[in-house]
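A quick write-up on the structure given underneath.
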Protein chains: 2
Amino acid sequence: MPVRATPVRQTRNADASRAKIWGAATTEFAAQGFDGAKVDRIAAGAGVNKAMIYYHFKSKAGLFNAILHDTFGAIADAVRGVRAAGGTPEAQVRAYVAAIAHVADDRPFFPPIWLREVAQGGRHLDPAVAGHFREVLTMLGEILREGAAAGTMRPAHPFLVQLGIVGPLTLFMASRPLRKKFSKVHQGLDVSIDAVVEHVQTMVLGGISTQKAARKSR
Amino acid sequence: MPVRATPVRQTRNADASRAKIWGAATTEFAAQGFDGAKVDRIAAGAGVNKAMIYYHFKSKAGLFNAILHDTFGAIADAVRGVRAAGGTPEAQVRAYVAAIAHVADDRPFFPPIWLREVAQGGRHLDPAVAGHFREVLTMLGEILREGAAAGTMRPAHPFLVQLGIVGPLTLFMASRPLRKKFSKVHQGLDVSIDAVVEHVQTMVLGGISTQKAARKSR
DNA sequence: GTCTATAAATAGATAGAC
DNA sequence: GTCTATCTATTTATAGAC
């Protein structure tokens, strides 16, 4: 009976170790960036030995890339869901904004990581992650083309629209520590994520709609 | 006559050194971030001895902060100019967007640096820089309040509006290297800064205007 | 003001025992 | 799978000559 006891426990421990490393790494990378993040600190935060990180993820870069890949996969999944759910192009744009906001809100480590990755020129973006990125932008392009075909939206660069969505969302989510730091000297930094999402939806549709007003339809 | 010759030449060289260091540092910090930037590389890029950096700027952090301070001063100046020029609140919002875009476009190093600074929680933002930041946001708030008083804009959080402006602009400008990298596999990333500014202006006004359409008035 | 040499600390990564 | 000990390279910063 206990023949496989040891392997099983080892596997369980391995999974637990991976999970603990993952959690500590997301925090560290989000707060410090890739170069600022220290493997020693990740190990300490995870409560595991440093060598385990290299055992499970090969290298600091490997660990970082696994996190990026996972999150971009989730975003691509969510956007695919938006397309599958259908609806008017306007509704899909709203859903697109909400979906991306939701994935990011679920992964507070992602916005700061992504901002830095952009600033870094996508140095750590491997082909798999780039593929997800491309797929998402393509799906947004489809939504916009449907809107243009229906005459309710003017033709717009998907990338431009994406900037208008991801820019404010990411900057807002990533700025939480900064907002907290300045909230004592400057009022008006206390905005909810829901307010931001709604503002972005209104703003984005206001920027591409041919209709007079793009009021929200709850 | 040549009594002061040496001091003068020294001063000139000092200014030249500072300028060369400044130029190399902006490039390095923009491309690598604070932690990723290496003092050796800045010295090499500037063509000066590494020790000069410490002589002129005290430390790596001191150099970084001097750059941040300078740029934020320029932004605050530009926005003060927008207020001074007056005009309708809508015109001022457009001018505000254009002014910030212009300062940033003049300093290509700034967008990536700022994105990382946000992601970092403003770790390097000293009180002087924070003051400029605060002043800019206050002036935007005044414009919005005037618009609300005139009835042409609905009340809006200045910070929310700021996110809608700076988010897309910064992300666009900072993503130049990334866009270049992906331009071969994905079309549609080739957008001009003017197109972005116009899109942001339309989008932002579309998000806060009470009027039916916030068409641009050239 | 500028340069050489070097101190002093840190960090990514691995070998090898258990 | 996990831990100890350590190697190697890198990096910020400074002392001191010119």
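No hydrogens, no waters, no symmetry mates; every other heavy atom, side chains included, goes into these values.
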Please enumerate all residues that pass ring-ring contact (aromatic ring centres under 6.0 Å, His included) together with His132(B), with sequence neighbours excluded.
His69(B)
Phe72(A): partners by ring-ring contact (aromatic ring centres under 6.0 Å, His included), with sequence neighbours left out
Phe110(A), Trp114(A)
How many whole angstroms separate atom [atom1] of [X] from atom [atom2] of [N]?
X        : N       : atom1 : atom2 : answer
Asn49(B) : dA17(D) : CG    : C1'   : 13 Å
Ile21(B) : dG1(C)  : CD1   : C1'   : 11 Å
Leu63(A) : dA13(C) : CG    : C1'   : 14 Å
Tyr55(B) : dT2(C)  : OH    : C1'   : 9 Å
Phe64(A) : dA13(C) : CZ    : P     : 14 Å
Met52(A) : dG1(D)  : CE    : P     : 8 Å
Lys20(B) : dT2(C)  : NZ    : C1'   : 11 Å

Qualifying residues under side-chain contact (heavy atoms from CB on, under 4.5 Å), relative to Lys38(B), sequence neighbours excluded
Glu28(B), Arg41(B)
Carefully, step by step, assess Ser183(A) and Arg179(A) under the rule side chain to side chain donor-acceptor pair (under 3.5 Å).
CA-CA 6 Å; Ser183(A) 61; Arg179(A) 291 193 325 264; over 6 Å; no
Closest-nucleotide 5' rank along DNA chain C - winner of Arg41(A) and His56(B):
His56(B)
On the nucleotide dG1(D), are OP1 or OP2 found under 4.0 Å from the side-chain N or O atoms that Ser17(A) carries?
no
Pairs: protein N or O with nucleotides 13-15 of chain D N or O, under 3.5 Å:
| from | atom 1 | to | atom 2 | distance (Å) |
| --- | --- | --- | --- | --- |
| dA13(D) | OP2 | Tyr54(B) | OH | 3.3 |
| dA13(D) | OP2 | Lys60(B) | N | 3.3 |
| dA13(D) | N6 | Lys50(B) | NZ | 2.8 |

Please work out which residues in residues 29-38 of chain A have a non-hydrogen atom less than 4.0 Å from an atom of DNA chain D and list them by number.
none
Qualifying residues under salt bridge (Lys or Arg N to Asp or Glu O under 4.0 Å), relative to Asp77(B), sequence neighbours excluded
Arg80(B)
Classify the side-chain pair Gln32(B)/Arg116(B) by whether it contains a donor and acceptor separated by less than 3.5 Å.
no
Can you confirm whether His102(A) is buried at NE2, in the sense that more than 12 heavy atoms of other residues, nucleotides or ligands lie under 6.0 Å from that atom?
no
Lys/Arg cation over aromatic Tyr55(A): Arg18(A), 6.0 Å, 45° cone:
no
In terms of ring plane angle, is the pair Phe64(B) and Phe34(B) parallel, tilted or perpendicular, where the classes change at 30° and 60°?
perpendicular
